[in-house]
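Shown next, in structure tokens, is the structure this report addresses.
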Amino acid sequence: FSDPLLEKSVRIDQLHRGGQIAADLIQLSHYWRHLESIGWAAASPRIGGLIGVDRLTTSNDPDCVLRCIVWIDLSLRSIPTISKTRPGKQRLRSPLDRYDHEFGFRVKLAHAAAQRTDGDAPPTVRPIHISECSHCPWWTTCALQLDPGDLSLAIDKSPLDAQEIRALRSLGVLSVTNLVAADMTTLLQEYLPLVPHRPDADQRLLLARHRAEMLANGIMLERIGTEPPQVPRAALEIDFDIETSRDDHVYLWGFLLSKPGSAEPPEYRPFARFGQLGSATECDLAAVALGWLAELLDANPDSIVYHYSEYETRHIARFSQLVAAGKLLAMPQRFCDLFPIIRANYFGVHGIGLKQIALHGAGFHWRDSNPGGLASQSWFEEAVQNPDEQVRAVMAQRLLEYNEDDTRATLALREWLSGGGATN
């Protein structure tokens with residue numbers, strides 16, 4: 001950023017043309033058209049800059065990562081789009097042309113929707129469920145127009161993108177039932193020319209077909225391993241789960257202590273702070289929680305800490321400057337990540353996250369009706385910021401119960417695996 005001006009830039013002959021860069025260029029074109037509308041855009045050249053972190057091959061050090069601005073001519077044909085006149089082929093369009101097309105299409109839809117009345121012909125387009133729908137205020141309206149078996153709605157893990165869904169719909173494949181019934185050899189021959197933007201389109205469709213078959217047969221979890229999954233056990237077992245705020249500060253370290261074969265019930269031990277978290281307060285909480293865990297492991301040589309994925313251990317590593325964290329990082333053999341065991345042995349129609357595996361495999365149910373990491377971040381904000389003290393207390397308790405259930409789900413998962421991990 002020392003010389004951010006266009007005149008100081010270095011030419012890059014090739015620019016990655018993937019989906020993200022195309023989206024960034026269309027967004028940049030959106031800003032350009034806004035500037036034009038108020039007389040603040042140059043007539044020529046139409047050049048805008050993208051700010052990011054890029055690995056510049058022109059650097060003397062090939063491993064050097066520099067923050068930079070990539071200046072791009074928005075009139076240059078650089079975005080691949082599907083050609084309507086040459087099926088199965090792509091042509092390059094400029095970011096501004098692509099933006100104008102997309103914006104014009106949306107204006108056309110808005111005008112058509114404004115002129116419709118009850119009893120009119122069907123809408124101009126049929127909704128396609130994408131990730132952004134979860135926080136769109138219009139989703140409840142669109143959802144009513146989709147069958148529960150619609151491919152864009154029913155297959156939510158490794159979902160097909162909007163263009164793939166449109167291509168399948170044009171071939172009469174709208175739902176899970178349609179995809180299961182289709183002759184895949186014929187379908188692929190007709191489908192692949194319609195999705196040239198996806199080099200792995202055949203594998204993506206076959207994976208969607210696999211999930212569609214599972215859904216059609218009511219199968220949520222499929223065993224793929226040939227040998228019984230092996231989970232190490234110990235005299236003292238500690239199931240471990242953390243909760244983080246929206247800005248990734250750890251506000252809750254949760255541990256569930258259990259002894260196999262003992263009459264003692266599992267004991268939940270949380271370390272939490274429901275307040276504004278900065279680096280110092282977060283570190284103070286981590287020092288207490290990790291210090292307690294390090295002492296527990298020292299006092300119990302035959303003990304194992306179980307977690308699901310590397311999320312928890314990555315956060316321990318963030319506090320490597322703490323003595324307790326350093327001790328824990330020096331004993332990786334005392335930690336057991338259950339996720340690789342699941343990944344090697346199971347395939348889930350909705351993925352293999354802890355919620356899906358514990359529910360459909362171990363039969364575990366959370367007390368909360370809407371458990372989830374993103375939801376818990378909103379609960380934390382309520383627990384900290386709500387002006388009503390009673391609401392804050394209720395939300396804090398909800399978070400503690402949610403975290404405890406996460407640790408109990410990990411325990412249920414281990415016991416299910418140790419019992420053979422059979423699926424229905």
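Excluded from the calculations below are hydrogen atoms, water molecules and symmetry mates; all remaining heavy atoms, backbone and side chain alike, are included.
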**Request:** Run the numbers on D202 and Y191 for side-chain contact (heavy atoms from CB on, under 4.5 Å), then give the verdict.
**Result:** CA-CA 9 Å; D202 54 343; Y191 170 75; over 6 Å; no
**Request:** Check the pair L411 / F364 against side-chain contact (heavy atoms from CB on, under 4.5 Å), numbers first and verdict last.
**Result:** CA-CA 10 Å; L411 171 59; F364 182 86; over 6 Å; no
**Item:** Aromatic centroids of Y251 and F380 separated by under 6.0 Å
**Value:** yes
**Message:** With a 3.5 Å distance limit and no angle check, can you tell me whether R33 reaches the backbone of S29 through a side-chain donor-acceptor pair?
**Reply:** no
**Request:** Would you check if the side chain of E282 reaches a backbone N or O of V250 as a donor-acceptor pair within less than 3.5 Å?
**Result:** yes
**Message:** Within the 4.5 Å heavy-atom criterion, are E237 and L257 side-chain neighbours or not?
**Reply:** no
**Request:** Using the side chain to side chain donor-acceptor pair (under 3.5 Å) rule, take T281 and D284 through it: C-alpha gap first, then chi angles, then the decisive distance, then the call.
**Result:** CA-CA 5 Å; T281 52; D284 290 343; over 6 Å; no
**Message:** Any heavy-atom pair between the side chains of L50 and I72 that's under 4.5 Å?
**Reply:** yes
**Asked** Would a line drawn from the ring center of F319 to the ring center of H315 be shorter than 6.0 Å?
**Response** no
**Request:** Output yes when a side-chain donor or acceptor of N300 lies under 3.5 Å from a complementary backbone atom of L296, and no otherwise.
**Result:** yes
**Message:** Walk me through whether E381 and R246 qualify under salt bridge (charged side-chain N to carboxylate O under 4.0 Å, His left out).
**Reply:** CA-CA 9 Å; E381 290 168 358; R246 209 177 294 276; 2.6 Å; yes
**Asked** Is the shortest heavy-atom distance from the side chain of S78 to the side chain of L25 under 4.5 Å?
**Response** yes
**Message:** Can you give me the closest heavy-atom contact between V176 and A154, atom names plus distance?
**Reply:** CG2-CB, 3.6 Å
**Message:** For S75, is there any backbone N or O sitting under 3.5 Å from a side-chain donor or acceptor partner on D73?
**Reply:** yes
**Complete:** Partner of E213 under side chain to side chain donor-acceptor pair (under 3.5 Å), picked from R211, R209, H210, is R209
**Asked** Do L171 and L187 come within less than 4.5 Å of each other through their side chains, counting heavy atoms only?
**Response** yes
**Message:** On a heavy-atom basis, which atom in N345 and which in E227 lie closest, and how many Å separate them?
**Reply:** OD1-O, 3.5 Å
**Request:** Quick one: pull up CG in L194 and CZ in R169 and give me the separation to the nearest 0.5 Å.
**Result:** 14.5 Å
**Gap separating the NE2 atom of H360 from the CD1 atom of I352, nearest 0.5 angstrom** = 13.5 Å
**Prompt:** Counting only N and O atoms by type, is there a donor-acceptor contact under 3.5 Å from the side chain of E164 to the main-chain atoms of D161?
**Reply:** yes
**Asked** For the side chain of R392 and the backbone of N386, is there at least one donor-acceptor N/O pair under 3.5 Å apart?
**Response** yes
**Asked** When you measure from the side chain of N403 to the backbone N and O of L252, does any donor-acceptor pair fall under 3.5 Å?
**Response** no
**Enclosure of Y311 OH (heavy-atom neighbours >12, cutoff 6.0 Å)** = yes
**Asked** Roughly how far apart are L322 CG and L290 CG, rounded to 0.5 Å?
**Response** 6.5 Å
**Item:** Minimal non-hydrogen separation, F339 against S309, with atom names
**Value:** CB-N, 3.6 Å
**Message:** Counting only heavy atoms from other residues, nucleotides and ligands, does the tally under 6.0 Å from NZ of K355 exceed 12?
**Reply:** yes
**Request:** Apply side-chain contact (heavy atoms from CB on, under 4.5 Å) to D150 and R126, showing your working.
**Result:** CA-CA 11 Å; D150 184 272; R126 178 190 176 97; 3.4 Å; yes
**Request:** Give a yes or no on whether E102 atom CD has more than 12 heavy-atom contacts from other residues, nucleotides or ligands under 6.0 Å away.
**Result:** yes
**Request:** Run the salt-bridge test on R367 and E404 with the 4.0 Å N-O cut-off and return the result as yes or no.
**Result:** yes
**Request:** Can you see which heavy atom on L399 is nearest to which on A383, and at what distance?
**Result:** CD1-CB, 4.2 Å
**Prompt:** Between the side chains of D241 and W253, does any donor sit under 3.5 Å from an acceptor?
**Reply:** no
**Prompt:** Taking atom CZ of R318 and atom NE2 of H249, what is their separation to the nearest 0.5 Å?
**Reply:** 7.5 Å
**Item:** Sequence-distant partners of Q203, side chain to side chain contact (heavy atoms under 4.5 Å, CB included), two or more places apart
**Value:** L206
**Asked** With side chains defined as the heavy atoms from C-beta onward, is the minimum distance between S418 and R233 less than 4.5 Å?
**Response** yes
**Request:** Indicate the atoms forming the closest heavy-atom contact of G275 with V384, along with that distance.
**Result:** N-CG2, 3.6 Å
**Request:** For W416 and A422, indicate whether the former's side chain and the latter's backbone hold a donor-acceptor pair under 3.5 Å.
**Result:** yes
**Asked** Counting only heavy atoms not in E389, do more than 12 sit closer than 6.0 Å to its CD atom?
**Response** no
**Prompt:** Should I79 and S94 count as side-chain neighbours, where that means a heavy-atom distance under 4.5 Å?
**Reply:** no
**Prompt:** Any donor-acceptor pair under 3.5 Å linking the side chain of S262 with the backbone of S258?
**Reply:** no
**Request:** Quickly, which of R414, H307, R408 forms a side chain to side chain donor-acceptor pair (under 3.5 Å) with D239? Name it, please.
**Result:** R414
**Item:** For the student: nearest non-hydrogen atoms of I155 and P159, plus distance
**Value:** O-CB, 3.5 Å
**Prompt:** What is the distance from atom NE2 of H101 to atom CZ of F103, rounded to the nearest 0.5 Å?
**Reply:** 13.5 Å
**Item:** R269/F271 under side-chain contact (heavy atoms from CB on, under 4.5 Å): CA gap, chis, key distance, verdict
**Value:** CA-CA 7 Å; R269 181 66 186 271; F271 295 85; 3.7 Å; yes
**Asked** If you count the non-hydrogen atoms of other residues, nucleotides and ligands that lie under 6.0 Å from CD in Q390, is the total more than 12?
**Response** no
**Item:** Side-chain heavy atoms of Y268 within contact of F255, under 4.5 Å
**Value:** no
**Asked** Does L297 offer a backbone N or O that forms a donor-acceptor pair with the side chain of R334 under 3.5 Å?
**Response** yes
**Fill in**
Interatomic distance, OG1@T313 vs CG@L329, rounded to 0.5 Å, equals 8.5 Å
**Item:** Centroid separation W32 to Y99 less than 6.0 Å
**Value:** no
**Asked** Would you call M220 and Q356 a side-chain contact if the rule is heavy atoms closer than 4.5 Å?
**Response** no
